[in-house]
Each structure stands twice: as structure tokens, then as C-alpha cells.
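Data first, discussion second: the structure below is written as C-alpha cells.
The structure displayed is predicted, hence computed values, not measured ones.
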Amino acid sequence: MQKKLVAPSLLASDFANLQRDIEMVNQSDADWFHLDIMDGVFVPNISFGMPVVQAMAKHAQKPLDVHLMIVDPDRYIKTFAKLGVHHLTVHYEACPHLHRTLQAIKAEGMKAGVALNPHTPVSLLEDIIQDIDIVIVMSVNPGFGGQSFIENTYQKVKDLKALIERKKSNALIEIDGGVNDANAKKLVDAGADVLVAGSFVFKSDDPSQTIKELKEKIA
């Protein structure tokens, strides 16, 4: 069985001590760094700009999993590739020419992901799932950290897993939003491969230990 992964979300880190938190993730049992890029248009919030991503990339020793919550993401594909990003995920709702966008991401040597908002059904990926490396299922509404987990996510993950298997796709299922020790095992049992954990990790008393325990729970 494929190893299940944990990707701490730096949106929940201490921005005044960003290098410290990056080093913590480097030394922890985490598998990826998850970076949410928000533009204040697609979602009602703004997060990291390119200079911050560049600074993170300089210190990160694990793959950078970048999630673009922005309009017209095609403009920045080459830029993120140059910054050393490993996986680049765009939102289904922001891409009128999704196939073209995914091919452009892959042409730059990155893994290509598609994120689905809570209201977007997985059936819309029917014709594109074989071109996708990662599907991010939003288990909260995008734009802010610290939100409560949406319970319908479990069924959505099962439906997505069935679609992936039926279409013989290699796409990984990643869950973003409200992940904690209470729902992690259930999400993996439903078919999830990667869990993004933000507030649950960085707001804990011992983030490194929290990551370790989360990994043990889904092993």
C-alpha cells in the first residue's frame, strides 16, 4: 500500500519566525511543505507573494506543494517552476481551459494538481483525471485557515477514489482544511493519500510531535 503523506501548511506558521518553522518541518516526519497562495480575488484573503516563496524554497529541504487560490494561474506557471516548486495545483473553478493549464504545468517539470471547492462535484474531473497528478479536495471553503471540517468530505473522497480507480489514473488525493487527529484516519480509510495540516500542527504545543503522531495515526 502506498505510504500516506502529511504536508504541514505554512499558512498557519508564525510569519515572524518563518525560518524557524521551516526548519522544524525539515527535521520532522512531514513529507511536503504546503503553501497556499491567495490573491484576494479568487478568495477573500492574501497570503504569500513570490519573494516569500523564494525565501521558503531556499530553506525547505522537502518538496514544495503549492496550492494556487488565484484567478488566471497560467500567468505564473513558469515563475513557480523557476522558484523550485515541485507540485503546482490550480483550482478547477479558476481554469476555463484546464487541460491546457495542466499541460503547461507539466511542461515546466512540475506535478500538476487540481483543487475542488466544497460545492464542486468530483464528476467534473471525469474527462481530465488521467492528466492529473494530485486532486486537492477542499474540506473547508478556501481563503482562511482554522475553519471547521466539512463532513461531506468523506463521501466526496470515496467518490473521487472510485473515479480514479475506474479511469486507471495515478492521481493522489490530498485533503486541505480542518484536518486533525480526529478525522485523519477516517480520511485515509476513505481513500486520501495526503493530509494538509495547518492550525492543528502549528498551534499545538509541540508541532514536531504532532506531525509524528499524525503520521503514526495514518500509517
Side-chain angles (χ1 to χ4, degrees), residues 6-25 30 32-60 62-98 101-102 104-105 108 110-120 134-150 153 174-180 194-204 207:
V6 169
S9 173
L10 289 174
L11 185 66
S13 66
D14 181 353
F15 292 176
N17 292 284
L18 200 47
Q19 185 176 352
R20 179 202 67 190
D21 284 354
I22 289 171
E23 291 301 332
M24 181 279 294
V25 176
W32 299 348
F33 284 90
H34 186 80
L35 308 182
D36 290 309
I37 309 296
M38 306 177 185
D39 62 359
V41 180
F42 182 70
V43 292
N45 199 7
I46 294 173
S47 61
F48 312 116
M50 302 304 181
V52 178
V53 176
Q54 186 173 29
M56 290 175 176
K58 189 165 67 176
H59 296 286
K62 296 176 180 181
L64 294 178
D65 179 46
V66 171
H67 175 192
L68 300 184
M69 302 183 192
I70 66 175
V71 296
D72 196 10
D74 299 60
R75 292 173 295 169
Y76 302 109
I77 291 171
K78 288 182 181 294
T79 303
F80 281 108
K82 287 175 184 172
L83 291 175
V85 168
H86 298 80
H87 324 130
L88 192 65
T89 294
V90 297
H91 264 265
Y92 177 91
E93 303 83 5
C95 295
H97 307 290
L98 184 59
T101 301
L102 294 176
I105 293 170
E108 296 299 325
M110 296 179 288
K111 296 288 188 183
V114 175
L116 299 176
N117 278 341
H119 72 280
T120 303
I134 300 165
V135 179
I136 293 183
V137 176
M138 293 301 300
S139 41
V140 300
N141 285 293
F144 296 95
Q147 297 181 68
S148 297
F149 181 84
I150 295 172
T153 303
E174 183 171 345
I175 312 299
D176 188 0
V179 170
N180 56 39
V194 186
L195 302 183
V196 175
S199 299
F200 179 67
V201 167
F202 288 102
K203 302 295 188 273
S204 69

- Item | Residues that Q54 engages under side chain to side chain contact (heavy atoms under 4.5 Å, CB included), provided they are two or more places apart | L83

- Item | salt bridge (charged side-chain N to carboxylate O under 4.0 Å, His left out) against E23, all qualifying residues, sequence neighbours excluded | none

- Check whether any side-chain heavy atom of L35 lies under 4.5 Å from a side-chain heavy atom of M56, and answer yes or no. yes

- Query: Just wondering, are more than 12 heavy atoms of other shown residues or ligands nearer than 6.0 Å to NZ in K111?
  - Reply: no

- Between T101 and D74, is a side-chain hydrogen bond (donor to acceptor under 3.5 Å, both in side chains) present by the stated rule, with each step listed? CA-CA 6 Å; T101 301; D74 299 60; 2.9 Å; yes

- Minimum heavy-atom distance between Y76 and M50, given as atom pair plus value: CD2-CE, 3.5 Å

- Message: Main chain of L18, side chain of S13: is a donor-acceptor contact present, judged purely on distance under 3.5 Å?
- Response: no

- Note on the structure: Note: V201 and M24 closest approach over all heavy atoms is CG1-CE, 4.5 Å

- Query: Quick one: side chain to side chain contact (heavy atoms under 4.5 Å, CB included) partners of K203, sequence neighbours excluded?
  - Reply: A12, S199

- Task: Report the distance from atom CG of N45 to atom CE of M38, rounding to the nearest 0.5 Å.
- Result: 5.5 Å

- Less than 4.5 Å apart, any side-chain heavy atom of I77 and any of L88? yes

- Decide side-chain hydrogen bond (donor to acceptor under 3.5 Å, both in side chains) for H87 and E174; before the verdict, give the C-alpha distance in whole Å, the side-chain angles of both, and the deciding distance to 0.1 Å. CA-CA 12 Å; H87 324 130; E174 183 171 345; 5.9 Å; no

- Message: I'd like to know if the side chain of S139 and the backbone of I175 have a donor-acceptor N/O pair within less than 3.5 Å.
- Response: no

- Can you list the steps and then say if D176 with D36 is a side chain to side chain contact (heavy atoms under 4.5 Å, CB included)? CA-CA 10 Å; D176 188 0; D36 290 309; 3.5 Å; yes

- Note on the structure: Residues passing the salt bridge (charged side-chain N to carboxylate O under 4.0 Å, His left out) test with D72, sequence neighbours excluded, are R75

- Message: To the nearest 0.5 Å, what is the distance between OG1 on T120 and OH on Y92?
- Response: 8.0 Å

- Stepwise side chain to side chain contact (heavy atoms under 4.5 Å, CB included) check, I37 with V53: CA-CA 9 Å; I37 309 296; V53 176; 3.8 Å; yes

- Message: Using only atom types and a distance under 3.5 Å, with no angle test, would you say the side chain of Q19 pairs donor to acceptor with the backbone of H59?
- Response: no

- Does any non-hydrogen side-chain atom of V6 lie less than 4.5 Å from one of V179? no

- Is the distance between the ring centroids of W32 and H86 less than 6.0 Å? no

- Message: List the residues meeting salt bridge (charged side-chain N to carboxylate O under 4.0 Å, His left out) with K82, not counting sequence neighbours, and say none if there are none.
- Response: none

- Determine, stepwise, if the pair M69 / M138 fulfils side chain to side chain contact (heavy atoms under 4.5 Å, CB included). CA-CA 11 Å; M69 302 183 192; M138 293 301 300; 4.3 Å; yes

- Query: Aromatic ring centroids of F200 and F149 under 6.0 Å?
  - Reply: no

- Message: Pair H67, D65 - check side-chain hydrogen bond (donor to acceptor under 3.5 Å, both in side chains), show working.
- Response: CA-CA 7 Å; H67 175 192; D65 179 46; over 6 Å; no

- Output for pair (F33 CZ, S9 OG), nearest 0.5 Å, gives 11.5 Å

- Item | Identified side chain to side chain contact (heavy atoms under 4.5 Å, CB included) counterpart of P8 within the set V25, V196, L195, D21 | V25

- Separation between OG1 of T89 and NE2 of H34, rounded to the nearest 0.5 Å: 7.5 Å

- If you look at every heavy atom in P118 and V140, which pair is closest and at what distance? CG-O, 3.3 Å

- Task: Indicate the atoms forming the closest heavy-atom contact of L102 with A112, along with that distance.
- Result: CD2-CB, 3.8 Å

- Go through the structure and list residues passing side chain to side chain donor-acceptor pair (under 3.5 Å) with N141, not counting sequence neighbours. none

- Note on the structure: Output for pair (N180 CG, S204 OG), nearest 0.5 Å, gives 12.0 Å

- Query: For the residue pair L68 and H91, what are the closest heavy atoms and their distance?
  - Reply: O-CD2, 3.5 Å

- Message: Has D39 got a side-chain atom pairing as donor or acceptor with V41's backbone, closer than 3.5 angstrom?
- Response: yes

- Would you say the side chain of V114 lies within less than 4.5 Å of the side chain of I136, judging by non-hydrogen atoms? no

- Flag yes if more than 12 heavy atoms outside F48 fall under 6.0 Å of its CZ atom; otherwise flag no. yes

- Write down the atom of L64, the atom of V85, and the distance for their closest heavy-atom approach. O-CG1, 3.8 Å

